[in-house]
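Since the structure comes first, as structure tokens, the remarks are kept for the end.
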Amino acid sequence: MTAWILGGALVAAAAVLPLVTASYLVSFTIQLFLFVVLAYSWNVISGYTGYTSFGHTSFFGIGAYGATLMMLHWKLPWLLACAGGGLLAVAVALPLGVVMLRLRGSFFAIGMFGLARVFEAVAFGWADLTRGGTGLYLPPAYDLRPLYYALGVLALGMVLLTWRLDNSRFGLQLLAIREDEDGAEALGIKTTRLKVRAFVLSAVGPGVSGGFYAVYLSFIDPPTAFSPATELTTIAMVLFGGMGTVLGPLVGAAVLSVLYEGLWARFPQVYLGAGGVIIAAVVLLMPRGVMAVAMRRGWLPHGRGTLRRLAARPAAPAEA
Amino acid sequence: MRTLAELLANGLLLGGIYALMACGLNLIFGVMRVINFAHGEFLAFGALLGVSLVIGHGVPFLVALVLVAAAMGVFGYLLQAALIERVVDGPPIMSLLLTYSVSTILVNAGILIWGGGYRGMPGVFSGSVPVLGMNLSQARLVAFAIALGLTGLVYGFLARSMLGKAIRAVSELPEIATVSGIAAARIRYLTFGLGGMMAGAAGVLMAPMFASDPQMGARFVIKAFTVIIVGGMGSYAGALVGALLIGIVEVTGGYVLGQTFGTAILYVLMIGFLLFRPSGLFGLRVVAR
Amino acid sequence: MGARPLLLVDGVVKRFGGVMALNGASCAVTEGSVTGLIGPNGSGKSTLFACIAGVERPDEGRITFQGERLDERTPSEICEMGLARTFQVTRLFREMTVLENLVAVAHGRSDAAAVRRAQELLEMVEIRRLEHALAGTLSYGQRKLVEIARALMFAPKLLLLDEPFAGINPRLQNRILGYLKALHEGGVTLFLIDHEMRILLDVCETVLAIDAGEVIASGPPEEIRRNPRVLAAYF
Ligand SMILES: Nc1ncnc2c1ncn2[C@@H]1O[C@H](COP(=O)(O)OP(=O)(O)OP(=O)(O)O)[C@@H](O)[C@H]1O
Ligand SMILES: [Mg+2]
């Protein structure tokens with residue numbers, strides 16, 4: 001209950017923020033929302049399903065280019081174009097998921113990394129469409145508030161979706177794949193279908209928010225669209241917060257965004273390495289992230305509360 | 001007009017350096033099943049250190065090569081002993097994430113040390129020499145010869161020496177705790193050191209050919225991944241053959257399709273091999289799943 | 001006799017590289033029976049179960065369940081047909097609770113119905129009190145019980161049990177024996193691997209003996225125990 005009140009207060013605060021404050025905070029929160037979306041999306045495939053992807057910027061970049069091109073060529077309104085970018089990312093993710101998810105562990109990670117580089121190369125090389133390294137320019141957005149709300153809704157959607165996932169059998173089955181895919185398969189869990197579904201689901205957020213990002217910058221070029229730094233930051237956030245948890249990505253995105261903002265302002269020269277230090281520290285010191293530590297210490301209830309509630313009925317009288 | 005023979009020769013020469021880099025990567029993978037994402041940064045550091053020594057301090061190229069290779073070897077040894085060793089027994093993804101993070105830390109450190117710009121090694125092995133009627137770059141020829149020599153030297157070490165045999169034994173059976181009385185942990189440190197040394201040397205050899213910058217690692221590590229995946233994970237000879245092949249594919253691909261798509265071909269090749277022939281050309285001990 | 005075979009294994013061959021794990025194994029399991037499978041270590045018992053459950057694909061031969069081919073189906077299709085199994089080395093999802101282990105494999109059903117079914121089964125094997133314990137924290141015997149309960153989530157007609165009595169104390173063995181008998185009375189056909197003659201004699205109507213990938217004898221347990229080929233294979 002308190003969790004819902006707290007969450008509601010947070011959402012309300014985020015909703016009134018652009019009405020009362022200066023553009024710096026709005027700008028910061030837009031980036032926070034962006035990373036919340038990316039972190040939650042990555043969490044679905046890499047946190048829950050255990051397929052660590054080093055190439056989810058592929059979908060971010062595809063969404064960004066898709067939306068930008070739809071705005072430039074088809075004159076679509078930005079919101080519609082961003083939805084279109086998300087659809088494009090999903091359309092790419094479906095066949096890719098079927099193919100790439102045959103790889104496991106490090107091989108999937110590296111394969112995805114290579115894939116992002118392929119897409120980046122295409123964006124560079126297909127200059128007729130993308131203007132290559134010059135990049136594409138959009139008319140600048142003077143009022144960031146619509147973008148703020150759109151990204152905020154998307155971020156909230158990702159949180160709620162993950163909460164649903166965590167409390168559903170689908171989520172349990174993804175966790176089963178993470179733990180022991182062959183065992184899950186042998187027990188009749190349709191692993192291929194489920195992990196492809198998770199993969200496609202994890203491409204929606206990056207696809208849509210890629211378009212938002214292009215609108216935010218009013219510019220997109222290959223290094224921005226397929227940036228390994230974006231990938232790294234996202235991974236650091238989820239790792240820090242806790243892979244495969246409902247609140248981990250939110251906590252990770254919030255804490256690291258503030259941290260990065262501070263670094264950027266005061267020590268921009270170590271910005272890049274900081275992400276690496278965080279990942280290394282988490283891997284070495286608390287590989288399950290802060291939320292999992294909090295759960296284990298009993299500061300927080302374990303996830304999957306709905307199942308627990310369903311289970312909390314009196315024992316049936318019949319004993320076999 | 002470049003002839004086909006010239007393209008192939010240039011590819012082969014490039015492949016020689018890739019071999020030096022990729023054999024080290026594969027050695028590390030073979031012994032501890034860790035994919036070293038920071039391998040590209042070993043190369044970048046090798047190149048930039050080499051430039052600093054040769055251009056900045058007037059150290060002769062070959063002396064710089066030895067110094068840098070030794071320094072990167074020690075660095076690799078220490079890195080394994082201090083960090084990677086702690087996750088060696090964990091899920092493979094943890095070691096990958098750790099080396100990934102080391103890679104970004106090194107890139108950042110490289111930028112702090114050398115700045116973000118490109119650095120060349122002008123005047124070292126410049127010009128070209130005629131070989132069998134082709135005009136080949138002197139830098140590439142020298143690099144190729146030294147790289148293959150070093151690769152062979154390490155191979156000889158693995159095949160002949162006690163320590164080398166111990167490394168191979170661990171590579172074949174990573175489960176065994178001790179080999180010939182040498183603790184497996186020491187062998188892992190040494191292997192990482194050896195890999196670091198080879199990548200560092202490859203970096204120095206590459207410096208006269210391409211301008212170097214702290215972010216060059218990402219461009220090359222993925223090529224090294226491609227090499228070992230095509231050649232066969234964990235197979236030293238496979239990495240050698242794979243490297244020569246990839247060098248040729250890259251140079252001819254770049255010529256036919258242009259630089260950008262030429263490189264993309266490599267990644268497509270890598271993903272294709274991962275999916276359809278995970279054991280690569282020579283990897284008998286398949287581990288791609 | 002005269003009952004129709006529920007499961008038919010016909011000339012199944014399975015190779016792992018150079019190893020011939022199954023070498024033309026043939027056998028039948030009658031509907032409503034309790035059938036035992038014995039054989040020395042490495043004789044191919046677990047491999048036979050893996051082939052039946054669809055986890056391994058036979059190189060040759062055919063397997064039918066209620067007259068339908070199994071050897072071309074996926075494990076999940078086979079589970080849905082009413083064939084479930086436990087593993088020789090327990091294979092629980094260690095980071096999930098006991099209840100979640102059961103719910104994760106439920107087919108169809110709403111989540112609420114799956115939870116209810118899981119709780120009934122945990123009550124049946126008398127470990128409902130462990131429902132929220134993490135599977136990774138359970139004792140070996142408790143894990144065996146969870147595996148049995150989990151297999152029953154499919155409401156199987158045929159239950160394959162790979163050494164359900166191995167490595168646990170006699171008291172728990174007897175408890176499991178009791179559950180299996182109750183299942184049998186409830187109409188579930190049981191096909192179980194074990195090394196312990198005492199248990200096989202107690203519960204099985206038919207015992208199959210396998211050696212080097214071939215079924216070398218089948219019949220009532222008393223007979224199998226004295227069969228010279230079986231004795232030769234074992235000693
Ligand atoms: N996945 C596999 N890969 C390679 N060989 C295998 C595999 N599974 C089984 N084998 C081999 O097949 C043979 C039969 O093994 P199986 O596990 O079926 O024996 P078993 O009768 O169950 O033995 P036990 O009584 O020890 O459980 C053995 O030689 C084993 O080494
Ligand atoms: Mg067995």
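Proteins get letters first, then strands, A, B, ... in listed order; numbering begins at 1 in each.
Here Met243(A) contributes atom CE and Met237(A) contributes atom CE; the two are 15.5 Å apart, rounded to the nearest 0.5 Å. With values rounded to the nearest 0.5 angstrom, Asp166(A) atom CG is found 8.0 Å from Thr245(A) atom OG1. Here the straight-line distance linking atom CD1 of Ile177(A) with atom OG1 of Thr191(A) works out to 5.5 Å at 0.5 Å rounding.
For the residue pair Ser202(A)/His56(A), the side-chain donor-acceptor check at 3.5 Å is satisfied.
Looking at Asn36(B), its side chain never comes within 3.5 Å of a backbone N or O of Leu25(B) through a donor-acceptor pair. Side chain of Thr68(A) to main chain of Phe219(A): no donor-acceptor pair is present (N/O by atom type, distance under 3.5 Å, no hydrogens or angles). A distance-only check finds a donor-acceptor pair linking the side chain of Arg102(A) to the backbone of Leu275(B) [under 3.5 Å]. Using a distance-only test at 3.5 Å, with no hydrogens or angles considered, a donor-acceptor pair links the side chain of Arg33(B) to the main chain of Gly30(B). Proximity of a side-chain donor or acceptor of Thr99(B) to a complementary backbone N or O of Leu96(B) within less than 3.5 Å is detected. Judged by distance alone, the side chain of Arg119(B) and the main-chain N or O of Pro214(B) form no donor-acceptor pair under 3.5 Å.
Within 6.0 Å of CZ in Arg288(A) there are 12 or fewer heavy atoms belonging to other residues, nucleotides or ligands.
Residue contact with chain A, scored on non-hydrogen atoms closer than 4.5 Å, involves the backbone and the side chain of Leu83(B) alike. Only the side chain of Ile35(B) comes within less than 4.5 Å of a heavy atom of chain A; its backbone N, CA, C and O stay farther away. Residue contact with chain B, scored on non-hydrogen atoms closer than 4.5 Å, is absent for Ile278(A). For Val87(B), the part sitting under 4.5 Å from any heavy atom of chain A is the side chain, from C-beta outward, and nothing else. When heavy atoms are compared at a cutoff of 4.5 Å, Ile271(B) approaches chain A solely by way of its side chain, counted from C-beta outward. Both the backbone and the side chain of Met94(B) come within less than 4.5 Å of a heavy atom in chain A. When heavy atoms are compared at a cutoff of 4.5 Å, Leu284(A) approaches chain B solely by way of its side chain, counted from C-beta outward.
For the set Phe108(A), Phe113(A), Tyr271(A), the count of heavy-atom pairs under 4.5 angstrom toward chain B peaks at Phe113(A). Ranked by heavy-atom pairs under 4.5 Å with chain B, the list Ile110(A), Val118(A), Val283(A) is led by Ile110(A).
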I'd like to know whether Phe192(B) forms a ring pair (Phe, Tyr, Trp, His ring centres under 6.0 Å) with His39(B), so could you lay out the CA-CA distance, the side-chain angles of the two residues, the decisive distance to 0.1 Å, and finally the verdict. CA-CA 10 Å; Phe192(B) 222 93; His39(B) 214 67; 7.8 Å; no
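Contacts from residues 251-266 of chain A to chain B, taken as heavy-atom pairs separated by less than 4.5 Å, involve no residues at all. Interface residues of residues 119-130 of chain A toward chain B, defined by a heavy-atom distance below 4.5 Å and sorted by number: Ala121(A), Val122(A), Phe124(A), Gly125(A), Trp126(A).
In terms of the ring pair (Phe, Tyr, Trp, His ring centres under 6.0 Å) criterion, Tyr18(B) has no residue partners (sequence neighbours excluded). Judged as a salt bridge (charged side-chain N to carboxylate O under 4.0 Å, His left out), and not counting sequence neighbours, Arg197(A) has no contacts.
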